Protein chains: 2
Amino acid sequence: MDQLLQSVKIGINEKIYVKDPESSDLGKRIIEQSILMIDAMGFESFTFKKLGAKIGSNESSIYRYFENKHKLLLYLASWYWGWLEYQLVFSTNSIADAQQKLDKAIEIVTKTTVEDSSFSHINEVLLNKIVINEYSKSYLTKEVDTENKEGYFVIYKRLVTRISTMITEVNSDYKYPSSLASTILEGSLHQHFLKGHFSSLTDCHQDDDSTKYFLHLVATTIK
Amino acid sequence: MDQLLQSVKIGINEKIYVKDPESSDLGKRIIEQSILMIDAMGFESFTFKKLGAKIGSNESSIYRYFENKHKLLLYLASWYWGWLEYQLVFSTNSIADAQQKLDKAIEIVTKTTVEDSSFSHINEVLLNKIVINEYSKSYLTKEVDTENKEGYFVIYKRLVTRISTMITEVNSDYKYPSSLASTILEGSLHQHFLKGHFSSLTDCHQDDDSTKYFLHLVATTIK
DNA sequence: CAGTATGTGATAGTATTACTATTATATTTG
DNA sequence: CAAATATAATAGTAATACTATCACATACTG
């Protein structure tokens, strides 16, 4: 992506934050540094107190932006999925052929994230790593149904739905378009995780193997 | 499963526990009640103090069996995967035809768990729910590489490897047997989760839909 | 220009968690 | 019966995840 994205703001459910972090310098530093810290120390060890120390601010000030670190994770994840969705829509919009369109979509969502400097304070490569390592924790909770009703997962759901629709447009007889779409998204994160920690459980060792694996899987499945 | 399993003990890495919970009555109560509690309140809210109160014992006594609740989760998960592996090996052992064997394996690992009273103190239905909701948290940690080296995930890995081998036996030219095997196991948990909380993201709404989905997916993919 | 609202920082305080340590008591085994 | 072992009870600690209050600086408003 390039300049274009610089003027686009990823629209995130306002209930996720107390105060929009994009609305101030402190807010942006919270986002920027929380990405670095969560990547470095993991979500469990990350605290608002440590973040405050890192950005030369106070714990209590961070609470003015996010109720708790769970909400911050929801924010980061929503941002990431929104960013991916933008790329997906942008890149597939002009493709007429349904199969080609789906292939492009699979490529976008399964590929390894590379440097993108469109958003100065957000490191997309690290954010992708965070999503791989922490995203499941955002919905594997007892509060998932309430939070889902509040709309905290809409962007992710919309992304799955988009892919599901593209699958149906290639083959309207295929019975499991939503399951296949969710398998692609979740499975892609999982394959990237395995690559880093359980390499014997995957055949995806190069950067683009994951894309090849899913392209083949989907093509044959809905043929 | 039936009587047979009653005399089989699921072999779990001894480093996971301080004292084998199968070796005492208190140990068995810890396992039995922790399953009920984690299912009811979720892993985050579950504490050894609450468990102690529930089983009429003391927090400190539970620490004599498990270092912390993370290790207890690893124990429960290992037990579950060991139990599944046993069923898989038992049910597929006598099948000569490679395709039939793989189909049986997929059926075993993707189906919804139903009542099994072989192990009096372990409720397999609830344990399956716990694995669906909490298993990812056991490996999505900063300690995963160390713990993997310690062998805390061997049973799960062996299970993936078994399925991977079966895939190769059906089609030795297929390039992604391990990725496909891990996609089946992880994807199955995910589809069951979606069924309960994000039903618009899956087409698996009946108990056996997940099995049908994966049977079709695998059959077409490696054809 | 005074007054007020807003944003941020500093400090303190609370309940809970995740332990560790010690001691007492009960039970089992040799 | 003595010794070892298992369990229970109590206390204590550092850290976490907040909440509340107050102070201060800046900005904007009538």
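Keep in mind that what you see is a predicted model, and the values were worked out from it rather than measured.
When distances run from any side-chain atom of B:N58 to the nucleotides C:dA18, D:dT7, D:dT10, the shortest one goes to D:dT10. The B:S60 side chain lies nearest to D:dT10 when the options are C:dT8, D:dT10, D:dA17. For A:Y63, whose side chain is taken as the heavy atoms from C-beta onward, the closest listed nucleotide among D:dA8, D:dA17, D:dT16 is D:dA17. Closest to the side chain of B:E59, out of D:dC18, C:dA18, D:dT16, is C:dA18. Minimum atom distance to the side chain of B:S61 is reached by D:dA8, of the listed D:dA8, C:dC19, D:dA17.
Taking atom OH of residue B:Y65 and atom P of nucleotide C:dC19, one finds them 19 Å apart after rounding to whole Å. Summarising the geometry, the separation between CZ on B:F43 and P on C:dA18 is reported as 9 Å, rounded to the nearest angstrom. Distance, B:I62 CD1 to C:dT17 P: 14 Å, rounded to whole Å. We find that CG of A:N68 is positioned 5 Å from P of D:dC18, with the value rounded to whole Å. Taking atom CD of residue B:E67 and atom P of nucleotide C:dA18, one finds them 15 Å apart after rounding to whole Å. Nucleotide C:dC19 holds its P atom 14 Å from the CZ atom of B:F66, rounded to whole Å. Across the protein-nucleic acid pair, B:E44 atom CD and D:dT16 atom C1' stand 15 Å apart, rounded to whole Å. Atom NZ of B:K49 is separated from atom P of C:dT20 by 15 Å (rounded to the nearest Å).
Contact between the side-chain N/O atoms of A:S57 and the OP1/OP2 oxygens of C:dG9 is found at a separation under 4.0 Å. At least one side-chain nitrogen or oxygen of A:K19 sits closer than 4.0 Å to the OP1 or OP2 atom of C:dT8. One finds no side-chain N or O of A:K69 lying less than 4.0 angstrom from the OP1 or OP2 phosphate oxygen of D:dC18. Regarding contacts with the backbone of D:dT7, a side-chain N or O of B:S24 is found under 4.0 angstrom from either OP1 or OP2.
Ion pair A:K212/A:D208 flagged as a salt bridge, since at least one NZ, NE, NH1 or NH2 atom sits closer than 4.0 Å to an Asp/Glu carboxylate oxygen. Look at B:D25 and B:R29 and you find a salt bridge, because one of the NZ, NE, NH1 or NH2 atoms lies within 4.0 Å of a carboxylate O, short of that distance. Ion pair A:K9/A:E22 not flagged as a salt bridge, since none of the NZ, NE, NH1 or NH2 atoms sits closer than 4.0 Å to an Asp/Glu carboxylate oxygen. Look at B:R162 and B:E85 and you find a salt bridge, because one of the NZ, NE, NH1 or NH2 atoms lies within 4.0 Å of a carboxylate O, short of that distance.
No more than 12 heavy atoms of other residues, nucleotides or ligands lie within 6.0 Å of NZ in B:K129, so this atom counts as exposed by the packing criterion.
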